[in-house]
Amino acid sequence: MSSIALRTHHCGDLRAEHVGQTVILQGWVHSVRDRGGVMFLVLRDRGGTTQITLDERIDAEVWAVARQARLEYVLEVEGTVHARGPGAINAKMATGEIEVLPSRIALLNRTKPLPFAIGGAATEATEEVRLKHRYLDLRRPQLQRNFVLRHKLYQATRRCLDGHGFLEVETPILNRSTPEGARDYLVPSRVHPGHWYALPQSPQIFKQLLMVSGFDRYFQVCKCFRDEDLRADRQPEFTQIDMEISFATNELVREVGSSLIRDVWREVLGHEVGEIPVLTYHEAMDRFGRDAPDMRFGLEHTTVDWSASDFVPIQRAVEAGGIVKAMVIPGGAGDTSRKKLDGYTKFVKRYRLGGLLWGKAQAEGGMSGPLGKVDAGLRAQIPGVSEGDLVLVAAGPAKHVHAGLGRLREHIARERDIIPAGTFAFVWVVNFPAFEYDEDGERWVAMHHPFTKPVDEHLHLLETPERLGEVLSDAYDIVCNGSEIGGGSIRIHDDKEQSRVFSALGLTEAEARNKFGFLLDALQYGAPPHGGIAMGLDRWAMLLAGTENIRDVIAFPKTTSASDLMAEAPNTVDSQQLAELFVANVVPEPAEEGTDSA
RNA sequence: GGGGUUGUAGUUCAGUCGGUUAGAACGCCGGCCUGUCACGCCGGAGGCCGCGGGUUCGAGUCCCGUCAACCCCGCCA
């Protein structure tokens, strides 16, 4: 082992133009090809790879060091850049025209046998193994590429928002628990026995207060925490690009958001994002069955009025207040087997839809399958059906029909491979319902959050509980490829209006004061009209990196049960620590910690 | 909270109908090879078959439980 020199280049830098130069490279051994009299080491760093060639031109001492090299050893190589012979050029390698003949090789560090392969074409290890040795997983070029993209995303964001006059301001991580919304992560207070902080689910209230403070335009790249069950695109801690604008209209916020998207996609991928279409929530649900529609393909839905149908499954659904929607799969009659249709039925049952009615369109409006039993006149309500098409119909409660058919639309699109690769279909979804009925809690709850401004023309409905479901809000989501990647709203800036909304949500004056008193106070001191949006930075990174897995864009992610397999968090703590915090553990200590799982 | 998939060498996997000594590839260790780039060739080491019970003469294989990872529903203002 020896002291280190300063490198002259990264491993991906060298080209034919560098031939003849003396260079110093430092990195990891990516591959070893020992041919006896000649040996090739490929050295890798963040920038790429370079072949180090050793043959009779090499000093015996250098040769002896090189012979010790193993995969992932850390080397420092000083040598001369040589052009490869005509037959030895590797077109698949960025630096494939050259090789470095070393005059000195220093072995900076060795490695234990690796838990999984980092270079080469070996199959990928399971995520469990990779997460346990995340520092090695991150060494893989595939993941390094994702973090380069993520870095560019941060930088483009700051450049863009700074350019639009936004101030970057940090808000507290240790915060007050707000009972609405997701479950909080709690932190006990040592100084205030029995009192707890909550980690922020978002900086929502603070950013509104910054508007009251006159900051005018605020943004922050911030961590948010929600203690809910996880998914492929959800982590317990995640990053938002949080923004708020004073004197904002819905259109202005969307304009700034669109501008940010355009800048980021251009700077990170060189991709030009065109005009972003706008759908209302109702339109999105009606045509796609989802408030985050994937606009990369068709298979749109049609709501039909089949209340006159005497077909029992339809009748029953309609009588129970349900709706009937249809989806046409062009040319789907021929290649959709009975087994596949059964699979679709099973698929939609996950979304609590009772089942599916199908029919294969024949000549002259005829139809085989269960839909053949529906009156031809009613079937004619479904537009664009031609011979050879598959028609799928769902009937039931609107929520379940939308969800089942909406997810089935995406499932079938993937299955039939009709989603164009490498495209980004952005869409704004606006005018969400302000409130939704919580069946379990038997009460109305805010769909976005309780500070969202209802549209002016619906304010008069706030005092009419049976019509709360009709109230639309000045809220908007930004969606890309069927994924919600941001959302926000115009906020209520008038304390009277805020009180009316709290009251509509069944909160008494006292309860509202207890939960959100400082916001209500602030609204009485000259709060400007304001609104904003929070962008899901991790999901943006997923889209930019082309991955379906949020763990691929988070350096040290957690598993679906919110543990860190490398750090082994969460862990138990000393009873002394708990005592200081006035916290008692009510979970019985296991006889032996972690007896299971090697 | 519920449903599904998976768990065998360091890694990725195979393992038939329940049968005697659990295999392969890559990696690791040793040797050979002067233009490789998924280098090649020869040899070697390496296994609590996730864990615990049960059935059986006999369990990697069948049954029950449990743990973990992943995907989904609920949940995620």
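Just so we're on the same page: letters track the sequence lines, and every chain starts at 1.
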When the P atoms of B:rU8 and B:rC70 are compared, how many Å lie between them, rounded to an integer?
16 Å
So what does A:T178 touch, heavy atoms closer than 4.0 Å: a base, only the sugar-phosphate, or nothing?
-> nothing
When A:N146, A:D233, A:D552 are each screened for side chain to side chain donor-acceptor pair (under 3.5 Å) with A:T547, the one that passes is A:D552
Tell me whether A:E127 is salt-bridged to A:R130, with the criterion being a basic N under 4.0 Å from an acidic carboxylate O. no
Per atom distances to the A:Y351 side chain, the nearest of B:rC72, B:rC37, B:rG10 is B:rC72
Notebook entry, point to check: Would you say A:T126 reaches B:rA69's phosphate, i.e. side-chain N/O to OP1/OP2 under 4.0 Å?
Noted result: no
Detail all sub-3.5 Å separations between protein N/O atoms and N/O atoms belonging to nucleotides 30-32 of chain B.
unit_1: B:rG30; atom_1: OP2; unit_2: A:R70; atom_2: NH2; d: 3.4

Exercise for the section: Ignoring backbone atoms, establish whether A:T559 has a side-chain N or O less than 4.0 Å from OP1 or OP2 of B:rA69. Expected result: yes
Any donor-acceptor pair under 3.5 Å linking the side chain of A:R539 with the backbone of A:E484?
-> yes
B/S/- along nucleotides 1-6 of chain B (protein heavy atoms under 4.0 Å) is B-----
Does the side chain of A:R234 get closer than 4.0 angstrom to OP1 or OP2 of B:rC76 through an N or O atom? no
Sequence neighbours excluded and cut-off under 3.5 Å, please list the side-chain donor-acceptor pairs for residues 88-96 of chain A, or say none.
unit_1: A:N90; atom_1: OD1; unit_2: A:K92; atom_2: N; d: 2.9
unit_1: A:T95; atom_1: OG1; unit_2: A:T49; atom_2: O; d: 2.7

**Q.** Interatomic distance at C1', B:rU16 relative to B:rC33, whole Å
**A.** 41 Å
I'd like the P distance from B:rG58 over to B:rU66, given in whole Å. 26 Å
Check: Touch check for A:R551, heavy atoms < 4.0 angstrom, all strands: base, sugar-phosphate only, or nothing?
Finding: sugar-phosphate
Review point. Contact class for A:L230 vs. all strands (heavy atom < 4.0 Å): base, sugar-phosphate, or nothing?
Key: nothing
message: Taking the basic N atoms (NZ, or NE/NH1/NH2) and the acidic carboxylate oxygens, is any pair closer than 4.0 Å for A:D417 and A:R414?
response: no
**Message:** When the C1' atoms of B:rU56 and B:rG47 are compared, how many Å lie between them, rounded to an integer?
**Reply:** 24 Å
Less than 4.0 angstrom from a charged side-chain N to a carboxylate O is my criterion; do A:R409 and A:D294 meet it?
no
- Whole-angstrom distance between B:rG60 and B:rA9, as gauged at atom P: 14 Å
- Query: OP1, OP2 of B:rC28 versus side-chain N and O of A:K112: anything below 4.0 Å?
  - Reply: no
**Asked** Can you find a side chain N or O atom of A:S563 that sits less than 4.0 Å from OP1 or OP2 on B:rA69?
**Response** yes
With the side chain defined as heavy atoms from C-beta on, A:P113 is closest, among B:rC37, B:rU11, B:rC28, to B:rC28
Quantified in whole Å, what is the C1' atom distance between nucleotide B:rA69 and nucleotide B:rC62?
25 Å
In whole angstroms, the gap separating C1' of B:rU11 from CG of A:L136 amounts to 13 Å
Query raised in the report: Got a donor-acceptor contact below 3.5 angstrom from the A:Q235 side chain to the A:K558 backbone?
Result: yes
Worksheet item: Taking the side chain from A:H449 and the backbone from A:F451, do they hold a donor-acceptor pair closer than 3.5 Å?
Response: yes
* Asked: How far, in whole Å, is B:rG50 from B:rU11 if one measures between their P atoms?
  -> 13 Å
Hey, is A:K112 close enough to A:E72 for a salt bridge, meaning N to O under 4.0 Å? no
Assert: residue with more 5' nearest nucleotide on RNA chain B, out of A:Y73 and A:G36, is A:Y73
* To do: Verify the stacking flag for A:F40 against B:rU36: centroid separation must be under 5.5 angstrom and the ring planes must differ by under 30 degrees.
  => yes
Nearest-nucleotide check on RNA chain B, A:S31 vs A:V129; residue mapping nearer the 5' end is A:V129
Taking B:rG10, B:rC76, B:rG35 as options, the one with an atom nearest any side-chain atom of A:E228 is B:rC76
Exercise for the section: Using the six-membered ring wherever Trp is involved, compare the ring planes of A:W444 and A:F435 and label them parallel, tilted or perpendicular (cut-offs 30° and 60°). Expected result: perpendicular
| request: Ignoring backbone atoms, establish whether A:R33 has a side-chain N or O less than 4.0 Å from OP1 or OP2 of B:rC39. | output: yes
When rounded to whole Å, the CD to C1' distance for the pair A:E124 and B:rC70 reads 13 Å
